[in-house]
Amino acid sequence: MCGIVGFIGERKAAPILFEGLERLEYRGYDSAGIAVLNKDVITTRKTTERIKMLREITENGQGIPGSLGIGHTRWATHGAPSERNAHPHVSNDGKFAVVHNGIIENYITLKEELIQKGFIFESETDTEVVVHLLANYYKGNLIEAVVKAAKRLEGSYALGIICAHEPDVLVAVRRLSPLILGVGIGESFIASDVTALISHTKTVMYLEDGEIAEIKKSGIRVFDKAGSPVEKSTTEINWNIDAAEKSGYDHFMMKEIMEQPRAVRATLEPRIKNGKIKLDDISITAADLKNVNRIIITACGSASYAGQVGRYVLEELLRIPVEVDLASELRYRNPIINEHTLLIVISQSGETADTIAALKEAKGRGARVLSLVNVVGSTIAKMSDDVLYTWAGPEIAVATTKGYSTQLALLYLFGVYAAELLGNRTGEECAEMITELQNLPEQIEQALILNDNIITLAQKYHKNQSIFFIGRNIDYAVSMEGSLKLKEISYIHSEAYAAGELKHGTISLIDNDRLVIALACYERLFDKLMSNIKEVKARGAKVLATAIVGNTKILTEADDVMYIPRTNPLFLASVEVIPLQLLAYYVARDNGCDIDKPRNLAKSVTVE
Ligand code: AGP
C-alpha cells in the first residue's frame, strides 16, 4: 500500500530514488513521484504511469540536480490515481514536501481547520493536510514542527519530509506503517522496506511507533513523540540484493514459486535438531498450552487460507478447537476471547492493517498471541507475545507463493511441537512426522518437476470465464488458495467450494464446458470426491483434477490430471498448492495479464 523512499548524501538523489521506487513498485503502482531539494528549491516530478516514465521525463534522474530527496509509489485510497493526487505533496509556499504511506483518519477536520487559516488544497488526498500542518507549525525548527504536526494526526502514517529551509536534513516519522532507515557511509536512506535499500547498505535501523528521525549525511538522531532523544541500535541484514531481483525469470512470481523448496527448507531446518523440533524463538510451555481451550487463527487473504489448512492440522494434532477468523471480521465483532485463547496471527508482511487491528482486539481481551511473520521487525512481530519468522526472504510478487508455503511449514512445526508437549503424540510418532516434514522440500521440488504439462493445460483452459474449485478436508482448504491465486492474477472469476456443499445451490451454475478443478489428493475422502466429480460431469462440466501420483482411478472421470507426490496427508497442502500456483501463473500469462502487479492490488495492505 504505497512505497516511500528518501535519500540524503553526496550523490545525485533522483536516480537513487528511482531505483528504490522500482523495488517498491509492488506495494502500489497507480502513480508515482519524487521531490528533490537543490539549494533552496524543491523540484517535483510525477506520473500516473510507472516509474519507467519518471525516468524517461527526467533523463534517468540526471536532469534533476540535488542530493536530498523523497519518492513515492502510490496505491490510491483518497482520490483517484492522477498527477494531482500523486505524492510528493508540496506546501503552498513550495518550501515543504511530503510522501506518505497510510491513512490520516482525521484529515477532514484538519483540512477544514487549515482552509480556515488560508491554506489552499490542490489534491483530494488525506496526505495533503500533513504538508500544510508542517508549514503552519514551522518556526525555524523542522523537528519541532514535525512533533507538533504528528500530535494532530490520527490513523497510520510513514512520512518522508524535506524542507527548503533546512537543506541538510531529511525527516522520517512513523505510526502503524512500516519505515526503515538505511545507514550508509556519508549517506542515509529511508524506505518502506529493506529491498529498496539493500543495494546501498545492509545496516538498518527500525523506527518504533511514534518515533521521529532526523537524518543527516553525518548521521541519524531519533526522537520520541515528545521530541526527546532516543538511543537506537542498528541491525545487519543477512540477505543479498539477488533475493530482490528476478534472476533471469520473466516474473518474480515464477522465481518465488521455484524458490519454495529452498524457502520451506529455510523455515524448517534451523528448527529441527537431532530429530527434535526446537522452537527456541518462542517461550510457550506445556503449561501454557494446557491453559489453552481455544485457538483462533486470524489473517487476511492467502494468509487466512494457510490458516484454513492449519485448522485441520492443529485440530487433528492438538484436539483443541480451532477457528479461522478473518481479521477484517474479527476486529469488529464481539469475539469470545479470553486468557484461555491462543491467537495465531499469520502475515507475510507483518503490516496488514486489518490483521494488526484483530491482534489488538484479541490481545485486549487477554489472548496470548503467537504470530507467524516473514518481515523481521514488522508491526505484527513487535506486537506479539511470541513470533516465529518464516524466513522466506523478500517476497516481491503481489500474489504470495513462498510466503504461503512457509506459513504452512510453520503451522506444521508448531502443531507437531505442541502435540508432543501436550502428550497427544508419542515421541516416536513425532519423530516420524518430523522426518516427513524434512522430506517436504524435496516433495515440493518433485511437484514442480511433475507438473511441466501445466503449460499445455493452461493453453487448453485459459479462456474459461468462471471456474470452480472443489475439495474436501485439506483439499478444500487448498482449493481456497488455488482459487484466490487464479482470480487475483488472471482476473478469471473463480470460487472455492466444499465439494459436498455444491449440491445445495451452487451446482445450478454448472453447465456445459464449465471448468471444475477437483482436488482429489485427500485419500480418506477420495471416493466421496469422486461422487462429486460425477455430479458435475453429469451436468456437462470439464474436470481438471489433482491426484496423488499413481492414482489411475481418477482418470475414469477427470479430463485432465495434475499429479503430486505422496506425503503425510496432514502436510498435503504444501505439495498440492504447487500445481495450482503454476496453473494460475500460466493462465494469467496466456491471458496477457500483469502477473507481478495485478490490477487494483498492492502487496501489503496497510489500510483498512
Ligand atoms: C495473496 O496472494 C494476496 N496478495 C493477499 O491475499 C495477502 O495474502 C493478504 O493481503 C495478506 O497479506 P499479509 O500476509 O502480508 O498479511
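Throughout, numbering of the chain's residues begins at 1 and tracks the sequence. When reading the values below, keep in mind they use all heavy atoms of this one structure, side chains included, and skip hydrogens, waters and symmetry mates. Counting starts at 1 for both ligands and their atoms, following the listed order.
Classification of Glu329 and Arg333 as a salt-bridged pair fails, no side-chain N sitting under 4.0 Å from a carboxylate O. Salt-bridge check for Arg271 with Asp281: passed, with a basic side-chain N closer than 4.0 Å to an acidic carboxylate O.
Note that the NZ atom of Lys402 and the CD1 atom of Ile396 stand 7.5 Å from one another [nearest 0.5 Å]. Taken to the nearest 0.5 Å, the OG1 atom of Thr456 stands 9.5 Å off from the CG atom of Asp560. How far CG of Asn374 is from OG1 of Thr406: 5.5 Å, rounded to the nearest 0.5 Å. Atoms OG and CD1, on Ser574 and Ile444 in that order, are 5.0 Å from each other to the nearest 0.5 Å.
Of the protein's non-hydrogen atoms, Cys300 O, 3.6 Å is the one closest to atom 9 (C) of ligand 1. When only non-hydrogen protein atoms are considered, atom 10 (O) of ligand 1 lies nearest to Val605 CG2, 4.0 Å. Distance from atom 12 (O) of ligand 1 to its nearest protein heavy atom, with residue and atom name: Thr352 OG1, 3.5 Å.
For Thr355, no nitrogen or oxygen atom sits less than 3.5 Å from a nitrogen or oxygen atom of ligand 1, counting backbone and side chain alike. Between Val398 and ligand 1, an N or O atom pair is found at a separation short of 3.5 Å. Below 3.5 Å of separation, one finds an N or O of Ser349 facing an N or O of ligand 1.
Residue-ligand proximity, Gly301 to ligand 1, at heavy-atom distances under 4.0 Å covers atoms 6 (O). The contact set between ligand 1 and Ser302, taken as ligand atoms under 4.0 Å from a residue heavy atom, comprises 1 (C), 2 (O), 6 (O), 8 (O). Within ligand 1, counting atoms from 1 as listed, the ones closer than 4.0 Å to a heavy atom of Ala303 are 8 (O), 14 (O). Atoms of ligand 1 lying under 4.0 Å from any heavy atom of Lys485, numbered from 1 in the order shown and given with element: 1 (C), 2 (O). Residue contact check: Leu484 has heavy atoms under 4.0 Å from atoms 6 (O) of ligand 1. Distances below 4.0 Å separate heavy atoms of Ala399 from the following atoms of ligand 1: 2 (O).
Between Phe468 and His493, the angle of the ring planes goes over 60°, which puts this pair in the perpendicular group of the 30/60° scheme. Ring geometry for His200 against Phe189 counts as parallel: the plane angle stays under 30°, on a 0 to 90° scale with 60° as the upper cut.
Remark: aromatic rings of Tyr586 and His462 are distant, center separation not under 6.0 Å.
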Criterion side chain to side chain donor-acceptor pair (under 3.5 Å) on Thr48 and Asp30, from CA distance to verdict: CA-CA 6 Å; Thr48 50; Asp30 56 37; over 6 Å; no

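Under 4.0 Å from ligand 1, heavy atoms of Thr400 appear from its side chain as well as its backbone. Contacts between Leu601 and ligand 1 below 4.0 angstrom, taking non-hydrogen atoms only, are absent altogether.
One option in Glu395, Gln348, Glu488 has a heavy atom closer to atom 14 (O) of ligand 1 than any other, and that option is Gln348.
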